[in-house]
Asks: 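Right, I'll just put the structure down here and ask away after.
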Amino acid sequence: MSVFKLYFSPTGGTKKVADRIGDAWEEGVQSIDLFAWEQNREGTAFSPQDVCLIAVPAFGGRVPALALECLKTMQGNGARAVLIAVYGNRDFDDTLLELQNAAESCGFTCTAAVAAVAEHSIFRQFGAGRPDVQDNLQLSAFGKELKARLEQDDCASTLFVPGKTPYREYHGVPLKPKADKSCTACELCVKQCPVQAIPADAPRTVNEKICISCMHCVAICPQKARKNAKMLMMVGAKKIGQACAERKENQLFL
Ligand SMILES: Cc1cc2nc3c(=O)[nH]c(=O)nc-3n(C[C@H](O)[C@H](O)[C@H](O)COP(=O)(O)O)c2cc1C
């Protein structure tokens with residue numbers, strides 16, 4: 001049995017959650033970075049003995065379209081999948097259901113799922129500091145339980161996760177980060193933008209039609225030069241503030 005960790009994590013929160021769950025298998029987990037799309041164009045073929053932890057963030061309560069595109073290149077061949085949806089303390093809505101349907105379409109057998117909170121990658125005040133110490137203990141315990149169940153083949157044959165179809169509508173958000181004067185044109189964001197939305201000849205700008213608002217450029221900028229428009233941030237935070245106010249707990253679905 002080989003264990004794989006497939007993650008799409010623009011700002012690192014999803015990876016943190018997948019790492020804590022994967023710790024149960026200690027050194028034996030192989031990582032596949034779905035965000036490094038160019039490197040994974042070929043996809044990977046798994047076998048029925050394999051276990052795949054598949055982790056994605058919630059974007060508008062859905063699986064990011066780019067993560068779905070990358071997942072489609074994978075051949076599950078009956079490998080068992082543990083689905084992980086990571087969200088910014090508002091809601092994961094239909095993310096797990098959409099992920100389950102996508103994983104099953106590429107031949108995975110979905111055996112378990114986790115919904116977990118990480119710091120909101122746009123509005124960092126929501127879910128701030130998560131996963132925290134309490135989360136990490138719980139996620140490690142989830143990992144150990146999953147490992148034991150998978151080794152004993154003690155998982156339900158049909159997985160039921162929350163969510164409904166048609167999925168929640170998501171047409172993107174108007175937040176498209178641009179760089180201020182502190183940008184040194186190092187081009188790190190140009191090279192790492194997963195959709196090539198930042199032009200090399202004008203790295204302070206962004207092609208708003210292409211940008212998926214994943215916030216990777218904001219997270220990696222060495223100068224902290226890339227930012228969203230202040231007014232849009234205020235309006236957005238007000239809009240979701242109430243829904244994000246109370247601490248949401250991580251959930252395990254078996
Ligand atoms: C475009 C976008 C949409 C998001 N939509 C939601 C959402 O619907 N619900 C939620 O709770 N968090 C939402 N978030 C927050 C992320 O799901 C959360 O911060 C996640 O941990 C980000 O993963 P990452 O750190 O791996 O990039 C959104 C973030 C972005 C960038």
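Counting from 1, the numbers follow the sequence of the chain as shown. Just follow the structure's listing: the first ligand is 1, and inside any ligand the first atom is 1.
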Asks: Looking at non-hydrogen atoms alone, which of T11, D91, I240 comes nearest to atom 27 (O) of ligand 1?
Replies: T11

Asks: Work out which heavy atom in D94 is nearest to a heavy atom in K164; give both atom names and the distance.
Replies: OD1-N, 2.9 Å

Asks: Any idea which part of F35 is under 4.0 Å from ligand 1, heavy-atom wise: side chain, backbone, both or neither?
Replies: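 Neither; no heavy atom under 4.0 Å.
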
Asks: Going by the order shown, which atoms of ligand 1 are within less than 4.0 Å of some heavy atom of S213?
Replies: 1 (C), 31 (C)

Asks: Give the atoms of ligand 1, by number and element, whose distance to some non-hydrogen atom of G61 is under 4.0 Å.
Replies: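 What qualifies from ligand 1 is 7 (C), 8 (O).
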
Asks: Of the side chain and backbone of E119, name the one, both, or neither that has a heavy atom under 4.0 Å from an atom of ligand 1.
Replies: backbone

Asks: What residue and heavy atom of the protein are closest to atom 23 (O) of ligand 1, and at what distance?
Replies: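 Going by distance alone, atom 23 (O) of ligand 1 is nearest to T14 OG1, 3.1 Å.
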
Asks: As a check for students: among R90, H120, K15, identify the option with a heavy atom nearest to atom 7 (C) of ligand 1.
Replies: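 That would be R90.
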
Asks: Do you know the tightest heavy-atom contact between E119 and G129?
Replies: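 Closest pair (atom of E119, atom of G129, distance): OE1-N, 2.6 Å.
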
Asks: With heavy atoms only and a cut-off of under 4.0 Å, state how L175 meets ligand 1: side chain, backbone, both or neither.
Replies: neither

Asks: Quick one: does ligand 1 sit under 4.0 Å from the side chain of I122, the backbone, both or neither, non-hydrogen atoms only?
Replies: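 For I122, the contact with ligand 1 is made by the side chain alone.
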
Asks: Once you round to the nearest 0.5 Å, how far does CG of N250 lie from CG of L139?
Replies: 5.0 Å

Asks: Is there a polar contact between ligand 1 and G13, counting only N or O atoms under 3.5 Å apart?
Replies: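 Yes.
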
Asks: For the aromatic rings, using the six-membered ring if either is Trp, is the centroid distance between F253 and F160 under 6.0 Å?
Replies: no

Asks: Show the atoms of ligand 1 that are less than 4.0 angstrom away from any heavy atom in G60.
Replies: 3 (C), 4 (C), 5 (N), 6 (C), 7 (C), 8 (O)

Asks: Would you please determine whether F126 falls within less than 4.0 Å of ligand 1 on a heavy-atom basis?
Replies: no

Asks: Could you find the nearest protein heavy atom to atom 12 (N) of ligand 1 and give me its residue, atom name and distance?
Replies: G88 N, 2.9 Å

Asks: Would S121 count as a polar contact of ligand 1, with the cut-off being nitrogen or oxygen pairs under 3.5 Å?
Replies: yes

Asks: Just checking E151: does its CD atom have more than 12 heavy atoms from other residues, nucleotides or ligands closer to it than 6.0 angstrom?
Replies: yes

Asks: Run L150 and V82 through side chain to side chain contact (heavy atoms under 4.5 Å, CB included) and show every step you take.
Replies: CA-CA 10 Å; L150 286 160; V82 173; 4.2 Å; yes

Asks: Side chains of Q134 and Q138: any donor to acceptor distance under 3.5 Å?
Replies: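 No - no donor-acceptor pair under 3.5 Å links their side chains.
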
Asks: Tell me the nearest of P57, G236, A58 to atom 4 (C) of ligand 1, using heavy-atom distances.
Replies: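 Minimum heavy-atom distance to atom 4 (C) of ligand 1 goes to A58.
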
Asks: Any nitrogen or oxygen of S9 lying under 3.5 Å from a nitrogen or oxygen in ligand 1? Just yes or no.
Replies: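 Min N/O separation from ligand 1 is below 3.5 Å for S9.
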
Asks: Do F46 and F4 pass the ring-ring contact (aromatic ring centres under 6.0 Å, His included) test, and can you show the C-alpha distance, the side-chain angles, and the key distance before you say yes or no?
Replies: CA-CA 9 Å; F46 301 97; F4 296 86; 4.9 Å; yes

Asks: We want to know whether S182 and K224 form a side-chain donor-acceptor pair, criterion being a heavy-atom distance below 3.5 angstrom.
Replies: no

Asks: Students should be able to answer this: which protein heavy-atom is nearest to atom 2 (C) of ligand 1, and at what distance?
Replies: F59 CD1, 3.6 Å

Asks: So if I apply the salt bridge (charged side-chain N to carboxylate O under 4.0 Å, His left out) rule between D135 and each of R20, K248, R247, which one comes out positive?
Replies: R247

Asks: Taking only heavy atoms of Y170, which atoms of ligand 1 are found under 4.0 Å from at least one of them?
Replies: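 Going through ligand 1 atom by atom, the ones under 4.0 Å from Y170 are 1 (C).
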
Asks: Against heavy atoms of N89, which atoms of ligand 1 measure under 4.0 Å?
Replies: 11 (O)

Asks: Compare every heavy atom of L53 with every heavy atom of A18, then report the nearest pair and how far apart it is.
Replies: O-CD1, 4.3 Å

Asks: Just jot down the ligand 1 atoms closer than 4.0 angstrom to any heavy atom of A118, in number order.
Replies: 21 (O)

Asks: Side chains of H216 and Q192 only: does a donor on one sit below 3.5 Å from an acceptor on the other?
Replies: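 A donor-acceptor contact under 3.5 Å links the two side chains.
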
